Amino acid sequence: MAQNNTEREIAAIISGALKQHREVTVRGFGTFTVHHNRQEHRQEKDGRILMAPPSDVITFTPEK
Amino acid sequence: MRMSHDDLVLLLAETLNAEQEKAEEFLSAWIQSVKTEALEKGEYHVPGLGTFKEADGKLVFSPEDELAVEVNYKYAGMKPIEIMSAFSSRQIQEEDHKQPEEVEPVSPQKKGLDAEVEEPGTEEEELETGKKDESGKSFEDVFGVDSSEETTPETPDPVPPPLAYQTPETEPVGVSGSGRKETAEKKEMTATAGKPPKSGKKPASGENQSRVWMLPIAAAFILAVMLYFHFEGHLLHRQYTEEAMVSDTRSEAPGETGIGSEPMEHRIEATPEEEAEAEELPYGLMGAEEELLIGSYTIVLHSIANENRARIEMENLIDEGYKATFWQAQLGNGEHTWRVGVGQFETVSDAENAISRLPEPYRSNNFIIRIR
């Protein structure tokens, strides 16, 4: 029960920081970052050219 | 904008009302359990955060959908837009027999469009909108809709220059005026080589007549393609390039006025239940806006330089029954624009769901922003 509560609080702190696009470093574990993908256009196999919108995605880099 | 390990421990200690050493122990135990579970059992799910999986001996993280949407709130609701149909692409390739395989995906380094929706509340900070990339090409350059970028043939050509998809390096991918002319010359040489002209008569009059008939048809086709991409360009222009849109609205660009002045063809009829809900709760798409909820999300439908026009658009939306508001936003270049938004939503997901209830062209031309 206590472990679940701790896990919930840790998740809330990390997700709250990520929502503000803050980088979160957890020693011995890894780093959470929000990576920005710029919009780009690509061509499909059938010849259509599509413009993909930009996006902000969460990435996790495990500590070595 | 970083949260260090120590910051995390400090916050955890405050949240749990525990000593920092105890919080550090909790955190270490949690890290160990995540690693053990993920590496031994294959995956470990942390509610509210995401799932850690094992791949090639490493931890791979997948955020929860709700968290991913919240982080991506600036661009939520945006979908890929088709800027050149398969038919148009094939048509151009068929016309260009010399270089049909040159239509290739544009690499990210070559793309000339780098527009973004601004950071809500910090709009002056990191706008990349309208900036030209290293190749110096702007949005219009990429799509070839800017008349200033049209290549002028050395000799006068009765046919308007064709609109072909061009890479930012201005290499003609499809048909160029000179290229087509060379092709035509080659065809003419081939045709006349097998049929030597008779003495005293004009050569190949039938071919010339058919060529004359082809000219207006080709001109009409090219004009239609140009109009199509001109309209498409403005749609993209509105959706992705906020800064460019502001500069356009200063000169009353047709793209801004066109979308903004279009009548709503499909008016949403709010059900009595929805109206009652809108009266009770401050959130929602329809109903009167009694108070501006700071921190909530809204769907931006217009971004206009002129305050009066923005006010008119807002009043039109209110007449349609929407919970509409407008405000002034500052862009990165110091310019100001007036935004008109509809609805107030507690989460991005609610705003995304509301977009599906909007009529066109708003359903395809909007973005979600946080009210601050």
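In the text below, chain A, chain B and the rest are named by the order of the sequence lines, each starting its count at 1. As the structure is a prediction and not an experimental result, all values here were calculated from the model.
Residue B:Pro47 touches chain A through both its backbone and its side chain, counting heavy-atom pairs closer than 4.5 Å. Of the two parts of A:Val26, the backbone and the side chain both hold a non-hydrogen atom closer than 4.5 Å to a non-hydrogen atom of chain B.
Between B:Phe52 and A:Phe32, the ring planes lie perpendicular to each other; the angle is over 60°, past the 30° to 60° tilted range.
In this structure, the side chain to side chain donor-acceptor pair (under 3.5 Å) partners of B:Ser4, at least two apart in sequence or on a different chain, are B:Asp7.
B:Glu37 and B:His45 are not linked by any side-chain donor-acceptor pair at a separation below 3.5 angstrom, with hydrogens and angles left out of the test.
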For A:Thr59 and A:Thr33, run side-chain hydrogen bond (donor to acceptor under 3.5 Å, both in side chains): C-alpha distance rounded to whole Å, both residues' side-chain angles, the deciding distance at 0.1 Å, then the answer. CA-CA 5 Å; A:Thr59 58; A:Thr33 52; 2.6 Å; yes
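No other option in B:Leu12, B:Val9, B:Leu11, B:Val46 has as many heavy-atom pairs under 4.5 Å with chain A as B:Leu12. Ranked by non-hydrogen atom pairs under 4.5 Å with chain B, the options A:Pro62, A:Ser15, A:Gly30 are led by A:Ser15. Most heavy-atom pairs under 4.5 Å with chain A, from the set B:Leu67, B:Leu16, B:Val60, B:Asp6: that is B:Leu67.
A salt bridge is defined here as a Lys NZ or Arg NE, NH1 or NH2 lying under 4.0 Å from an Asp or Glu carboxylate O, and B:Asp56 with B:Lys58 fails to meet this definition.
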